[in-house]
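Here is the naming used below: chain letters follow the sequence lines, and residue numbers restart at 1 for every chain.
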Amino acid sequence: MSVTLAPGAADNGFASMLAALIAQNLDAHPELRALLAHMEGRVAIVVEDAEVSVTLQFDRVGVTLHDGIRGIPDVTIRGSADDITRTSRIERLGRLGLPDPRGVHAKEALRALRERRLRIYGALGSPLLLARLTRLLSVD
Amino acid sequence: MAEQQIDFPSAEWAAAFRDAINDNPVYAKHAADWTHGSVALVCHAEPAVGLHEDAVIVLDTHQGRCRDASFAMGRQAAERADFVIEASYERWREVLAGRIDPIKGMMQGKLRLTKGHLPTMLKYVESSRALVSSAARVPTRFRERLA
């Protein structure tokens with residue numbers, strides 16, 4: 001499983017952060033490698049108040065992070081730095097690591113979605129990609 | 001009487017920063033279970049302001065307290081720290097003035113975590129912010145560009 005920064009992405013602090021987060025999570029939780037092996041598609045994340053965006057391109061053998069939006073994303077996540085960071089802190093339940101709706105961060109993330117501070121486009125078309133992404137980026 | 005300003009970076013500034021952290025109840029609350037080690041802040045050499053080597057402040061933080069804050073010139077001082085955050089002099093100036101949020105600054109590449117476990121750092125976003133707000137309470141005199 002490879003985690004790669006595409007040419008030019010190393011200058012994007014958010015891309016570097018996500019690459020480090022994924023690599024460190026894979027080291028700490030080897031079971032996430034199997035999850036990554038099922039991921040295929042593109043996810044764009046736009047941090048609006050930091051004016052930075054990243055595309056994660058999953059191809060079942062790893063993930064490549066690009067500076068900005070590359071290609072047509074299957075899922076696009078838009079929000080503030082606070083709200084996007086919080087999605088990594090959503091509390092999880094059990095072996096499957098499903099989000100725990102009772103958690104403090106989970107409740108706040110749901111509130112951000114309701115108030116449209118956090119928007120997720122393409123979730124209905126690619127629910128598994130989104131669910132696996134949140135697990136891969138979790139710090140819980 | 002005007003408050004005496006302390007040069008940044010310096011040993012005196014590091015000591016004042018330690019005291020400001022320990023006087024900050026927000027930091028004590030959010031870092032109460034921090035047992036993940038020391039944090040080094042590396043300010044890159046900036047000859048234009050007379051800083052000819054990297055300057056390093058190492059915070060020995062543990063369970064909501066700062067047990068010690070040391071200052072040294074030369075980046076080798078950061079090698080034993082568990083977390084290392086680096087930025088240019090101007091970026092630190094903006095952070096300490098509250099013009100850059102630390103997490104947003106990292107996303108923008110203005111601050112770099114060059115050592116340490118990022119998932120742990122992200123769990124402690126509020127304590128990172130409280131560290132910055134503590135630093136902002138230190139009356140700081142920044143270096144100006146040499147003519």
ask   = So how far is it from B/L113 CG to A/L21 CG, rounded to the nearest 0.5 Å?
value = 11.0 Å
ask   = Between A/V46 and A/I77, is there a shared hydrophobic cluster once you connect ILVMFWY residues whose side-chain heavy atoms come closer than 4.5 Å?
value = no
note = Nearest heavy-atom contact between A/A81 and B/M107 is CB-SD, 3.7 Å
ask   = What are the two closest non-hydrogen atoms of A/Q24 and B/P119, and how far apart are they?
value = OE1-CD, 3.0 Å
query = Are B/L96 and B/I100 connected in a single hydrophobic cluster, I mean Ile/Leu/Val/Met/Phe/Trp/Tyr linked by side-chain heavy atoms less than 4.5 Å apart?
reply = yes
request  = Tell me whether B/V84 is reachable from B/I57 by hopping between hydrophobic residues (I, L, V, M, F, W, Y) whose side-chain heavy atoms are closer than 4.5 Å.
outcome  = no
key: Among A/D49, A/T85, A/D82, side chain to side chain donor-acceptor pair (under 3.5 Å) partner for B/K104   = A/D49
key: Engaged part of A/A23 at the chain B interface, taking heavy atoms whose separation is under 4.5 Å   = neither
query = Linking I/L/V/M/F/W/Y whenever their side-chain heavy atoms sit closer than 4.5 Å, directly or via other members, would A/I69 and A/L130 fall into one cluster?
reply = no
task = Using the rule that two of Ile, Leu, Val, Met, Phe, Trp, Tyr join whenever any of their side-chain heavy atoms come within less than 4.5 Å, decide whether B/V138 and B/L51 are in one cluster.
result = yes
key: Shortest non-hydrogen contact from A/R89 toward B/V125   = NH1-CB, 4.1 Å
